[in-house]
There are 2 protein chains.
Amino acid sequence: MAATILVVEDEPAIQELISYNLELAGHNALKAQNAEQALEMVRTALPDLVVLDWMLPGMSGIEFARKLRADKRTQAVPVIMLTARADERDKLQGLETGADDYLTKPFSPRELNARVKAVLRRRAPQATDDPVEISGLKLDPASHRVIGNGTPLALGPTEFRLLHFLMTHSERVYSRTQLLDQVWGDHIFVEERTVDVHIRRLRKALEPTSHDRLIQTVRSAGYRFSATA
Amino acid sequence: MAATILVVEDEPAIQELISYNLELAGHNALKAQNAEQALEMVRTALPDLVVLDWMLPGMSGIEFARKLRADKRTQAVPVIMLTARADERDKLQGLETGADDYLTKPFSPRELNARVKAVLRRRAPQATDDPVEISGLKLDPASHRVIGNGTPLALGPTEFRLLHFLMTHSERVYSRTQLLDQVWGDHIFVEERTVDVHIRRLRKALEPTSHDRLIQTVRSAGYRFSATA
DNA sequence: GCCACGCTGTCACAACGTTGTCACGTTTAT
DNA sequence: ATAAACGTGACAACGTTGTGACAGCGTGGC
């Protein structure tokens, strides 16, 4: 989920807070302090998602969102709206601005990330990712395909996301908890050992081309994707 | 960077903000909402670092920090203090509470993480993610790998932690008791001679590349990791 | 609607690695 | 020489991971 996200927020502290957390979550954050600036940036490069403050100096967030929806080119870009209080949120819903989700200030970074993740999964499931290749194992998020030495390999959705994460974060150990957070999402409750089972399924799927050896167990630490034995 | 960090903060929103960011950075966050609760948690398990709000209901942060410094067991635990305004920070410095660093609210998560990293590097290098290399022996916590002159070496979890500690505290003798505290954890009950056995296992694991000579026995004192014979 | 199918999460058990301790051999200092 | 300190191999208890099976769930075809 390496998405480019445009954060439109005039308050520098909140801008920093949001951008930083998005970057920590592996995204690429673009910053704009007002709607005019944001429009300019959208013209240059289309982001995968817009996080938008409702209250902005000059053109308001609502107005900006309307402009996005009006232009065919930017019509499909998902928007998460930031509102100051719960009752303002209600007002907004009445206005039907076309936002994909709302966040009420103050919000926790955890909540922000969860919603960003959810929206991206819903609205931009494939657009953001580049193909990866390691040791003859190719994974292409766009076509949702995995190919080992030329032969296509079949794996389920979870196995695919798991492999994608591991391949884009190779040469590093991840604990079961970290994998659950990163691959499953950070607000779900599943047993840690479930990771084991999916690792096994993934290994089995990669077995035909012997690429299962790339997935290594690090006892009492977690799993690692590595090209070297 | 896999450190256990105790966050003492009564404001739930800030507590969440800090904890979440620490977890994103790969740490394990323990939460306490007041000093009393924090003391109890410290009794159970010693954290690698304490992030402490200055203002707390009941026992103040300063008082808590003093208690930490007073007890030999918790004396060495680094503390990062959170203060509300810059001028309070000056006051605090005058009071010499013994904090390792200060953060003035409002602070950005980026700043928090930077300071945490800096303090850990200074006070608890083995809780850090930084790779270590001494005399051709490389240890990388991120990938959980040990490589001697290019060839990978296999060692068990305890041996890995032991080597990590020794390499980040080289040229210094540690007694069996100290090693037990640092590598095994405090308040656990194992024979001192157990250290001998693990030292031996570690030496055996490093033998293939002759790096076992870096681990030296200091008779009637303990062990030392040293590059010089 | 109804059914077949694939996917998911969980469990129980097997397989394997790790740990702490002991007993005994070896070295070192006085 | 003698006692203390350290090295080393063996081992049983323990913890961690691999694996097959299974029931619940949602989806798409009919």
Side-chain angles (χ1 to χ4, degrees), chain A residues 121-122 125 144-146 152-166 173-207 212-226, chain B residues 144-146 152-166 173-207 210 212-226:
Chain A
R121 233 200 281 275
R122 196 161 69 237
H144 210 273
R145 269 208 179 119
V146 178
L153 301 168
L155 40 164
T158 307
E159 279 73 58
F160 186 87
R161 289 201 308 276
L162 179 57
L163 179 60
H164 191 195
F165 176 80
L166 289 174
V173 181
Y174 288 91
S175 69
R176 282 156 237 274
T177 307
Q178 287 176 309
L179 289 175
L180 282 178
D181 281 353
Q182 299 287 332
V183 179
W184 273 255
D186 43 5
H187 51 6
I188 44 100
F189 170 66
V190 281
E191 288 292 324
E192 289 213 338
R193 292 301 308 280
T194 298
V195 175
D196 295 38
V197 180
H198 281 276
I199 286 283
R200 178 185 150 277
R201 286 169 179 158
L202 180 52
R203 278 173 171 158
K204 204 169 212 170
L206 299 182
E207 211 169 304
D212 54 316
R213 68 188 162 75
L214 298 178
I215 300 176
Q216 301 162 3
T217 304
V218 181
R219 188 161 245 265
S220 83
Y223 295 96
R224 170 182 58 203
F225 192 95
S226 170
Chain B
H144 211 273
R145 270 204 169 114
V146 178
L153 302 169
L155 38 163
T158 308
E159 279 74 59
F160 187 89
R161 289 201 309 276
L162 179 56
L163 179 61
H164 192 193
F165 177 81
L166 289 174
V173 184
Y174 288 91
S175 70
R176 283 155 237 273
T177 307
Q178 287 176 309
L179 289 175
L180 282 178
D181 280 352
Q182 298 287 332
V183 179
W184 273 254
D186 68 329
H187 78 45
I188 45 108
F189 168 64
V190 280
E191 288 292 324
E192 289 214 338
R193 292 300 308 279
T194 298
V195 175
D196 297 37
V197 180
H198 280 277
I199 286 283
R200 179 188 150 275
R201 285 170 180 157
L202 181 51
R203 278 173 171 158
K204 200 170 213 169
L206 300 183
E207 212 169 305
S210 304
D212 54 315
R213 68 187 164 75
L214 297 178
I215 300 176
Q216 300 162 2
T217 305
V218 181
R219 198 180 168 84
S220 80
Y223 296 96
R224 173 182 55 202
F225 191 95
S226 170

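Below, read A as the first sequence line, B as the second, and so on, with proteins coming before strands; counting in each chain starts at 1. Predicted, not measured: the structure shown is a model, and the values here were computed from it.
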Spacing of [X] atom [atom1] relative to [N] atom [atom2], expressed in whole Å:
{"X": "B:His198", "N": "D:dG9", "atom1": "NE2", "atom2": "C1'", "value": "15 Å"}
{"X": "B:Leu180", "N": "C:dT21", "atom1": "CG", "atom2": "C1'", "value": "13 Å"}
{"X": "B:Arg201", "N": "D:dA10", "atom1": "CZ", "atom2": "P", "value": "12 Å"}
{"X": "B:Leu155", "N": "C:dT18", "atom1": "CG", "atom2": "P", "value": "9 Å"}
{"X": "B:Arg224", "N": "D:dC6", "atom1": "CZ", "atom2": "C1'", "value": "16 Å"}
{"X": "A:Leu202", "N": "D:dG18", "atom1": "CG", "atom2": "P", "value": "12 Å"}
{"X": "B:His144", "N": "C:dT18", "atom1": "NE2", "atom2": "C1'", "value": "13 Å"}
{"X": "B:Asp212", "N": "D:dT8", "atom1": "CG", "atom2": "C1'", "value": "14 Å"}

Roughly how far, to the nearest 0.5 Å, is [atom2] of [Y] from [atom1] of [X]?
{"X": "B:Ile188", "Y": "B:Asp181", "atom1": "CD1", "atom2": "CG", "value": "7.5 Å"}
{"X": "A:Leu166", "Y": "A:Ile215", "atom1": "CG", "atom2": "CD1", "value": "6.0 Å"}
{"X": "B:Lys204", "Y": "B:Glu159", "atom1": "NZ", "atom2": "CD", "value": "11.5 Å"}

With heavy atoms under 4.0 Å as the rule, sort [X] into base, sugar-phosphate or nothing.
{"X": "B:Val218", "value": "sugar-phosphate"}
{"X": "B:Glu159", "value": "sugar-phosphate"}
{"X": "A:Ser220", "value": "sugar-phosphate"}

Examine [N]: is either OP1 or OP2 under 4.0 Å from a nitrogen or oxygen in the side chain of [X]? Give yes or no.
{"X": "B:Lys204", "N": "D:dT8", "value": "no"}
{"X": "B:Tyr223", "N": "D:dA5", "value": "no"}
{"X": "A:Thr217", "N": "D:dT16", "value": "no"}
{"X": "A:Arg203", "N": "D:dT19", "value": "no"}
{"X": "A:Trp184", "N": "C:dG9", "value": "yes"}
{"X": "B:Arg200", "N": "D:dC6", "value": "no"}

- Query: Looking only at heavy atoms, what is the nearest atom pair of A:Leu179 and A:Val195, with distance?
  - Reply: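 Here A:Leu179 and A:Val195 meet closest at CD1-CG1, 3.9 Å.
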- Pick from A:Leu153, A:Ile199, A:Leu155: which one makes a side-chain contact (heavy atoms from CB on, under 4.5 Å) with A:Leu163?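 Only match with A:Leu163 under side-chain contact (heavy atoms from CB on, under 4.5 Å): A:Leu155.
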- Count the heavy atoms belonging to other residues, nucleotides or ligands that lie under 6.0 Å from CZ of B:Arg176, then report whether that count exceeds 12.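 Enclosed.
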- Message: B:Glu207: which residues meet the side chain to side chain donor-acceptor pair (under 3.5 Å) condition with it, sequence neighbours left out?
- Response: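 B:Glu207 satisfies side chain to side chain donor-acceptor pair (under 3.5 Å) with no other residue.
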- From D:dG18, C:dG20, D:dG7, nucleotide with atom closest to B:Asp196 side chain: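 For B:Asp196, the side-chain atoms sit closest to D:dG7.
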- Item | Nearest to side-chain heavy atoms of A:Pro157, which nucleotide of C:dT8, C:dT19, C:dC11 |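 Per side-chain heavy atoms of A:Pro157, the pick is C:dT8.
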Who pairs with [X] by ring pair (Phe, Tyr, Trp, His ring centres under 6.0 Å), at least two apart in sequence or on another chain?
{"X": "A:His144", "answer": "A:Phe160"}
{"X": "B:Tyr223", "answer": "none"}
{"X": "A:Phe225", "answer": "none"}

- Query: Taking five pairs at each end, how big is the angle between the two axes of the helix from C:dG1-D:dC30 to C:dT30-D:dA1, to 10°?
  - Reply: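 One end's axis against the other's: 30°.
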- Message: Treating primed atoms plus P, OP1 and OP2 as sugar-phosphate and everything else as base, which nucleotides of nucleotides 23-28 of chain C get B, S or - for protein heavy atoms under 4.0 Å?
- Response: -----B
